[in-house]
Every structure is written in structure tokens, then in C-alpha cells.
Amino acid sequence: MSAQREMKEKNHWKTPVTIIITVIGVIVIVALVTVAVLQNKPLLQKYKYGIVLDAGSSHTALYIYKWPAEKDNNTGRAEQMHVCKVKGQGISSYAANPWKAGESLRACMEEAEQWVPGKRHHETPLYLGATAGMRLLNMENSTASDKVFQAVKEALQSSPFSYQGARILSGQEEGAFGWVTVNYLDDRLKQGLETTGALDLGGASTQISFVSDNFDGSESPSNSVTFRLYGNDYNLYTHSFLCYGKDQALRSVVAHQTQSGPEKILDPCSNPGYNTIKNYSVLYDSPCVSNRKPQKAPASFHLTGKGNFGECQKIVRSIFNFTNCKYSHCSFNGVFQPHLQGAFGAFSAYYFVMSFLNLTDTSMPLETVKEKLTSYCSTPWEQIKQQHRAVKEKYLAEYCFSGTYILTLLTEGYNFTSESYSKIKFIKKIKGSDAGWTLGYMLNLTNMIPAEAPDTPPLPHAGYVSIVTIMAILLFILFILSLRPLWPRCSKLPQVV
Ligand SMILES: O=c1[nH]cnc2c1ncn2[C@@H]1O[C@H](COP(=O)(O)OP(=O)(O)O)[C@@H](O)[C@H]1O
Ligand SMILES: [Ca+2]
């Protein structure tokens with residue numbers, strides 16, 4: 001009996017109507033899911049590119065950025081694809097032979113042509129921004145600075161990229177775009193998180209930028225930059241100190257020791273046993289010190305290292321002016337600064353110097369930092385050279401000064417305390433991109449950070465596909481259930497006895 005019933009049931013399921021319904025149902029589900037998957041599949045990733053040349057006082061670097069072409073306005077993040085270091089010194093060093101400034105860029109421009117796909121060359125924006133080295137040259141000799149720019153423009157215009165201009169950035173721009181870069185790479189802007197301050201130490205200028213609750217710009221409008229990014233308003237405090245980059249600060253420190261035009265100095269900021277001859281006219285050839293050039297001086301002087309951190313710090317202190325503040329708070333030289341707030345990222349020379357000196361760990365008490373600097377400064381020059389054969393002598397000879405300068409600038413210039421110092425992170429890169437003003441500058445000029453938060457789809461792609469699939473299956477089941485009248489009647493089945 002039971003075998004007979006099974007046979008009957010099977011036969012009912014094999015009725016043409018049921019078979020057709022099942023086949024159509026399966027086709028509908030497959031079609032629906034296929035359309036959902038194909039229509040909303042993230043398109044094959046295509047990239048756009050942008051190039052920024054950072055013409056710094058000591059050297060020029062060319063940065064290539066790339067970002068997903070379809071989503072530049074909202075979800076995709078621009079990232080550094082390549083950096084090319086231009087051989088030789090910064091463009092301001094070519095004041096006497098401007099055309100060489102243009103020539104110096106050619107090798108990196110050719111390298112960039114290899115990195116950016118050929119069919120994207122013509123649509124890839126190319127910018128050059130010059131910082132404090134050119135600011136100083138422009139102050140000192142604006143004709144020479146114009147000629148350098150002319151040479152640089154010609155070199156850039158002859159490349160296949162879309163040249164968008166070469167100019168000197170203001171100190172505010174340099175500080176503010178460094179802050180944008182750091183917070184953009186950390187995803188703090190899009191998510192509306194508390195921002196990180198930016199500390200940039202260059203060769204000729206240094207920048208400090210941060211958001212502080214008790215700064216609305218009214219006390220010192222020239223230090224205020226406002227942004228509306230992803231629907232959030234930011235009132236940024238920023239200041240750039242010209243002549244307080246580490247190379248110009250070193251000039252000031254040596255100038256301080258040569259006021260009377262001596263033939264010899266015993267420099268506490270150089271290691272014991274270090275010896276060099278310096279030319280007076282070269283040392284004083286900068287608007288940062290030129291007004292202090294001694295009247296009567298020989299052509300050159302002997303500099304011998306003494307290696308004493310404490311004495312070095314005394315001289316470093318003397319290049320800051322801590323009197324005459326007309327605001328509620330100042331950093332130095334009568335410059336307004338609100339109370340420090342939040343975490344800071346310190347990059348460029350801050351990073352190079354502190355990582356060389358093994359001082360990037362800011363949980364180290366300031367007393368320990370001083371002890372380590374004392375020990376480094378007093379190490380004989382010969383020993384330093386032997387221990388670091390691969391490091392350029394020019395840098396090596398300056399690390400005692402640079403470390404002392406950084407500690408003094410941070411703690412006495414900007415008023416970082418033991419507590420706030422521990423909130424500084426010395427960084428070179430964030431998620432593979434160098435920290436610096438270039439990325440922020442490009443994001444701004446290409447309008448890549450929208451003022452308002454972009455609308456994002458409520459569901460990610462995978463969630464969307466799963467829901468469509470589940471809905472399709474449910475619909476099919478409902479449909480089958482709605483055809484119940486066509487089903488074989490259970491009551492009509494013969495009773496099992
Ligand atoms: O490896 C390094 N060790 C120490 N200092 C470095 C190293 N690489 C670069 N620097 C320094 O970083 C600074 C970069 O300054 P930059 O050329 O950007 O000047 P700017 O920002 O004032 O125009 C210079 O003082 C340069 O000497
Ligand atoms: Ca710089």
C-alpha cells in the first residue's frame with residue numbers, strides 16, 4: 001500500500017504544470033540574482049593620477065598619487081604611488097644658473113612618465129609648490145626667484161602631463177595642507193573624529209597646525225584657516241616660522257657665536273673632535289642672518305666641536321624671543337598660540353632626526369631625552385663616524401644640534417610639557433604615503449575632499465546581493481504555496497490500514 005501511495009505522490013509532482021512552475025521559478029531566481037550581481041558589481045578598478053613636486057629649501061621631491069577613478073568624490077582614498085628624489089639641492093640653490101633648476105627636474109619627470117600609464121598622461125594634473133627656500137630667495141632677490149620659476153615652468157610644460165602651475169606656497173598653506181594630509185590619511189576627516197595636529201620641520205621654515213577648542217580665530221586672524229570638509233567645520237590654528245627650519249636655525253646658532261668676527265669658535269653643538277672651516281660670506285648669505293654679519297671679519301673661521309648639550313641648548317634658546325607677547329598666549333617671537341590640544345604627528349626633519357637618535361619613543365620622560373642627547377653630543381666625532389659609516393657626513397655632523405633644537409623648539413618654543421610631549425608621534429609615512437603638505441595641496445586643488453558628506457549606499461554590495469537572493473527564494477516559495485489548490489489532495493490519498 002505504502003509503495004502505491006509513493007508512486008501516486010511522485011506522479012503528482014511530475015504533472016506538467018508543477019514542472020513548468022518549478023523551471024520558471026528556478027529561471028526567475030537565477031535571472032534575478034545574476035542581474036543583481038552584474039548590475040551592482042564594483043566596476044573593474046581604474047585609477048586617476050596626480051603629480052606634485054615639493055620644491056623644498058634643501059631638495060625637491062616628485063610625488064605621484066593615484067586614486068580609484070569611479071569614486072574619487074566619496075569612498076576612494078588617494079595614496080602615494082611613487083616618490084622620486086631630485087638629484088642635487090633645492091631649486092633656490094640655482095639662483096645663479098636658473099636654467100639648471102629646470103634641468104634638475106628632468107630625470108624625475110621622465111621617471112614619472114614610466115609610472116603613470118601612457119593614456120592617462122594628458123589628464124594627469126601636475127603641480128609644483130615651493131616652500132621656504134624660495135620664500136627667502138624671493139625676499140632677497142625677486143628677479144632671481146622669477147628666473148628660477150621661469151626655468152622650472154618650461155621644464156614642466158614640456159612634459160606630457162597637464163601642467164597646472166608652479167608657485168610659492170604661503171606659510172599658512174604649507175601648515176594647513178600638512179594638517180589636511182595627516183588627517184585625511186588617518187581617515188579622521190570623513191569620520192568626523194577628533195583631529196591630529198601637524199608639526200613639520202623643514203630646512204628653512206617650520207610649521208605648527210592644530211585645532212583647539214579655545215581658538216576661534218578672533219584673537220589672531222592671520223593664524224586661522226577654516227575648512228568645511230565632509231560636512232564638518234574646522235577652525236585650524238596654523239603658523240609657519242620662517243628661518244626656524246633646522247638649517248636656518250643652525251645658521252643663527254653659528255651666527256650667534258661669530259658676532260665678533262673670530263677666526264676660531266669652539267662649538268658646543270658639534271661633537272668633540274669635529275673640525276671644519278666655514279666661510280663668513282656663505283654663512284651670512286641668508287636673509288635670516290644677513291643683518292648680523294660682523295663688520296670686521298676674516299674670510300673664514302675654524303669651527304671645532306666641543307660636544308656639550310647644556311651649552312648648546314643655551315645658544316639655541318637665544319635664537320627665540322620669549323618677551324613681548326601682546327596676546328593671551330604666545331609661542332615665541334610674539335606669535336599667538338592657543339593652548340596645545342590633542343595628539344600631534346611630527347614629520348619631515350622631526351622624523352629624520354629623532355629616528356636617527358633613537359628618540360621616536362615619546363613615552364620616554366623628557367629627562368631621559370636630555371640624557372640621551374647629552375651622551376650623543378659628547379661622543380667623539382671619530383667614534384660617531386665609525387658607528388655610522390653609511391650616513392652622510394653632513395647630516396651626521398648636525399644631529400647633536402638638530403636634536404637639541406627639536407627638543408628646545410617643542411618644549412620651550414611651543415610649550416609642550418612632559419604630558420603633552422607624550423602625545424607627539426614622530427612619523428614618516430601614514431598608510432604608505434609620506435606625511436607632508438603635498439597630498440593635502442593636491443586634494444584641495446582637485447576638489448577631492450567634498451564640503452558635504454557624500455551619500456553612501458545604505459548597504460554594501462555583498463549585503464545587497466544576499467538580500468536580493470533571499471527575497472527571490474522567499475518569493476518563489478510564496479508562489480509555490482499560492483498554487484496549493486493544484487497540489488494533490490492528501491485527504492484523497494488512500495488510508496493506510
Ligand atoms: O636623512 C636625513 N637626515 C637629516 N635631515 C634630513 C634628512 N633628509 C632630509 N633632511 C632634512 O630635512 C629638511 C627638509 O627641509 P625642506 O627641504 O623640505 O625645506 P623647507 O620645508 O623648509 O622648504 C632639511 O633640513 C633636510 O636637511
Ligand atoms: Ca618641507
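Ligands are counted one by one from 1 in listed order, and the atoms in each one are counted from 1 as well.
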Close aromatic pair by centroid cut-off 6.0 Å: [X] and [Y]:
{"X": "Tyr49", "Y": "Trp115", "result": "no"}
{"X": "Tyr244", "Y": "Phe332", "result": "yes"}
{"X": "Trp381", "Y": "Tyr274", "result": "yes"}

Do the cysteine sulfurs of Cys269 and Cys400 sit under 2.5 angstrom from one another? no
List the closest protein heavy-atom neighbour of [atom]: residue, atom name, distance to the nearest 0.1 Å.
{"atom": "atom 10 (N) of ligand 1", "answer": "Phe352 CD1, 3.5 Å"}
{"atom": "atom 17 (O) of ligand 1", "answer": "Ser58 OG, 2.6 Å"}
{"atom": "atom 1 (O) of ligand 1", "answer": "Tyr395 CE1, 3.6 Å"}
{"atom": "atom 19 (O) of ligand 1", "answer": "Ser57 OG, 2.8 Å"}

Should one rank [options] by closest heavy-atom distance to [atom], which comes out on top?
{"atom": "atom 4 (C) of ligand 1", "options": "Tyr399, Tyr244, Phe347", "result": "Tyr399"}
{"atom": "atom 21 (O) of ligand 1", "options": "Gly56, Ala249, Gly202", "result": "Gly202"}
{"atom": "atom 23 (O) of ligand 1", "options": "Asp200, Leu396, Thr131, Leu242", "result": "Thr131"}

Strictly under 4.0 Å, does any heavy atom of [X] approach an atom of ligand 1?
{"X": "Asp247", "result": "yes"}
{"X": "Glu174", "result": "yes"}
{"X": "Gly90", "result": "no"}
{"X": "Gly245", "result": "no"}
{"X": "Phe356", "result": "no"}

Distance under 6.0 Å and angle within 45° of the ring axis: does Lys278 meet both against Phe301? no
Polar contact flag for Leu201 and ligand 1 (N/O pairs, less than 3.5 Å): no
Is it the case that Ser145 and Ser142 place a side-chain donor and acceptor less than 3.5 Å from each other? no
